[in-house]
Amino acid sequence: MDLDLEETLESELNSGGCSHIQSVLEDDELRASISRQYKAVVAWNYRRAQVMANPAKRRKISSPTCGSCRLTLSRPFACLSCTFTGCWTRRDNHIVAHLEDNDHDFCVDAQSGSIYCARCSDFIYDPAIEELQALTLLSQEEKATRFQYAKQLREPYKPWKPSDVPSSILSDYTPIPCQSRRGLLNLGQTCFLNVVLQSLIHNPLLRNYFLGDKHNVRLCKLKECTCCEMDALFREVYSGEQAPYGPTSFLATLWKASSELSGYAQQDAHECFISILNQIHGTSRGSTNVSCNCIIHSTFQGQLQSDVRCERCGNVTTTTDPMLDVNLELRGKGGKVSGENTLLGCLTRFTHPEKLGPKEYSCSRCAKGSHEATKRMSIRKLPPALSFQFKRFEHKSSDKATAQKIDAPVRIPSMLNMQPYTTFIMNGGNEKGSGSAGGFGHPGPGELYEYDLFAVICHEGQIDNGHYYNFARFQDEWYRFDDDKVTHSNLKECLNSPAYMCFYVKRHLEYRQNRKAAYQLAREADIRKEEERAKEEAEREREQEAARMKEVEDALLATV
């Protein structure tokens with residue numbers, strides 16, 4: 001980028017705002033005109049980025065040229081009053097000259113969406129323009145994204161606006177600070193539980209589910225319900241209280257449901273994590289064993305694909321399995337542990353083809369045991385929230401006391417792009433509909449593969465005498481949670497920690513069109529049952545009333 005332009009853009013977020021853009025936005029006709037031109041420029045730049053990322057697409061978008069010097073523009077600036085596009089370089093500034101000569105006020109940088117005001121002689125910021133840019137980009141993503149299992153576009157996004165009823169109800173309540181920086185008491189070597197709970201608490205999808213009253217304790221009829229315990233935990237953590245909270249009721253429910261985790265011995269955090277997920281799934285309303293869309297499967301479940309290729313005849317045997325997390329090896333070739341392990345390196349080893357032994361695979365086409373076969377793992381479907389576990393504990397026998405720990409450091413990124421590890425990309429785009437973004441000829445927007453780190457579980461010491469703590473992100477700040485101790489931290493400390501598990505969430509969420517969540521289906525079923533029960537009760541009362549009236553009439557007739 002041009003240094004002069006970079007310095008100019010640094011002053012974009014000025015504190016006073018621009019009165020010129022505000023006066024334009026207050027006029028309905030001018031607002032519609034500038035909005036239409038602005039959306040066209042932002043949409044054009046998005047489509048051009050997609051063409052550059054997918055050169056195989058037939059539709060091409062040519063680069064514009066400067067209206068003054070005819071220079072091809074890699075970063076065009078477009079006038080918001082006409083169709084002129086110009087350049088912004090150290091030597092020439094034809095777009096600004098155009099604004100001054102034609103008495104036009106605004107131009108937009110197609111790459112960043114920033115607006116330059118000729119009267120202010122500076123880049124400006126306005127919340128309405130920022131919202132317009134976000135909605136335009138979202139609309140373009142919806143048009144570029146197709147579903148994995150159907151040739152349908154995404155359902156258009158509609159921002160939620162409260163009606164008069166919820167607005168009147170909320171007006172009587174005093175809002176409280178929505179914070180999740182509350183420590184959890186250690187109830188006797190329960191640090192393994194505390195780090196898992198903190199990771200679930202800071203998961204934005206689970207947070208929105210439970211704080212959105214999708215599981216109501218008062219409506220639940222189960223006696224030992226893990227969903228009710230999670231609902232109570234979110235209520236306590238987000239209550240605004242600063243004192244540490246003791247999850248005694250959650251621990252008791254966990255012990256009753258998972259006897260292997262009961263007692264006051266140190267347990268494995270990953271084992272506890274999987275157990276809690278299964279318990280939440282089992283107590284979710286409307287949960288099923290097949291194609292479940294409860295909160296756990298909607299958040300964590302993806303699909304792994306295994307392709308075994310027979311080198312003798314070329315036959316490929318494909319199997320798919322569900323996954324709630326990805327377990328990554330720290331040992332490389334020859335069983336050696338690298339001193340420079342990275343999450344991306346572990347993922348590369350996870351998806352790298354490996355040779356199978358002579359007795360591990362029998363080809364269905366050859367009908368013989370193949371001595372040459374390779375197996376390759378890939379991710380067929382990416383979940384909204386990705387969970388990784390590094391295999392630090394090696395069990396040479398069934399006795400946990402004999403486990404050895406791998407203390408090798410692992411570098412983890414704050415942002416992760418999972419596109420190279422998907423089945424669609426690894427197969428060269430030849431498998432129709434196998435991409436997590438639902439390609440049908442192309443993998444979809446690259447933004448759908450980007451994940452952001454939000455929690456990390458760390459372990460120090462050995463498995464029998466170690467200690468768990470974790471880092472979690474609250475809004476844009478990082479905090480370290482060590483049982484009841486909560487301290488402010490930073491991203492650098494988190495990335496340099498001895499990670500045992502790490503959690504990522506998608507930047508852009510996918511969703512299927514016209515598909516209702518499990519809790520909505522269960523709630524509608526409950527409403528239908530209540531209506532049927534009310535009808536049966538009313539019919540029973542009418543029958544009883546008719547019988548009573550008949551008895552009265554019979555008594556009167558007998559008297560006469």
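When reading the values below, keep in mind they use all heavy atoms of this one structure, side chains included, and skip hydrogens, waters and symmetry mates.
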- Item | F393/Y500 aromatic ring centres below 6.0 Å | yes
- Task: Please confirm whether the backbone N or O of I296 pairs with a side-chain atom of T299, one donor and one acceptor, at under 3.5 Å?
- Result: no
- Any sub-3.5 Å donor-acceptor pair from N208's side-chain atoms to P204's backbone N or O? yes
- How many angstroms lie between atom CG of L184 and atom CZ of F250, to the nearest 0.5 angstrom? 10.5 Å
- Please check if any side-chain donor atom of N341 sits under 3.5 Å from a side-chain acceptor atom of R349, or the reverse. yes
- Item | E493 atom CD: more than 12 heavy-atom contacts under 6.0 Å | yes
- Item | From CD1 (I201) to CD (E236), nearest 0.5 Å | 10.5 Å
- Message: Can you confirm whether the side chains of S249 and E229 place a donor and an acceptor under 3.5 Å from each other?
- Response: yes
- Item | Q133 side chain to S112 backbone, donor-acceptor under 3.5 Å | yes
- Going by the angle between their ring planes, with limits at 30° and 60°, are F471 and Y469 parallel, tilted or perpendicular? perpendicular
- Decide if the gap between the ring center of Y479 and the ring center of H488 is smaller than 6.0 angstrom. yes
- Message: Could you tell me if D307 and T318 have a donor-acceptor pair between their side chains, going purely by distance under 3.5 Å?
- Response: yes
- Item | Plane angle bin for Y264 and W255 - parallel if under 30°, tilted between 30 and 60°, otherwise perpendicular | perpendicular
- Examine H459 together with H467 and report whether their ring centres are nearer than 6.0 Å. no
- Would you say the side chain of N327 lies within less than 4.5 Å of the side chain of K391, judging by non-hydrogen atoms? yes
- Roughly how far, to the nearest 0.5 Å, is the SG atom of C272 from the CD atom of E260? 10.0 Å
- Hey, does C191 have a side-chain heavy atom less than 4.5 Å from the side chain of Q266? yes
- Here the gap from D483 atom CG to L187 atom CG, rounded to the nearest 0.5 Å, amounts to 9.0 Å
- Hey, is the main chain of K355 close enough, under 3.5 Å, to the side chain of K375 for a donor-acceptor pair? no
- Message: If I take atom CD1 from residue I280 and atom CD1 from residue I295, how far apart are they, to the nearest 0.5 angstrom?
- Response: 9.0 Å
- Item | For D325, the option from Q301, H270, Q389 that meets side-chain hydrogen bond (donor to acceptor under 3.5 Å, both in side chains) | H270
- Item | Centroid-centroid distance, Y451 to Y504, less than 6.0 Å | no
- Message: Looking only at the aromatic ring of each residue, does the gap between the centers of F273 and F300 stay below 6.0 angstrom?
- Response: yes
- Message: Side chains of N427 and R376: any donor to acceptor distance under 3.5 Å?
- Response: yes
- Task: May I ask you to check whether Q279 and S258 show a side-chain donor-acceptor distance below 3.5 Å?
- Result: yes
- Query: Could K506 and E450 be called an ion pair, given the rule that one side-chain N must be under 4.0 Å from one carboxylate O?
  - Reply: no
- Message: Please identify which of these residues, N194, T248, D484, meets the side-chain contact (heavy atoms from CB on, under 4.5 Å) condition with L185.
- Response: D484
- What distance separates L344 CG from R411 CZ, expressed to the nearest 0.5 Å? 9.5 Å
- Message: Determine whether a donor-acceptor pair (N or O, by modelled atom type, separation under 3.5 Å) exists between the side chain of R392 and the backbone of Q404.
- Response: no
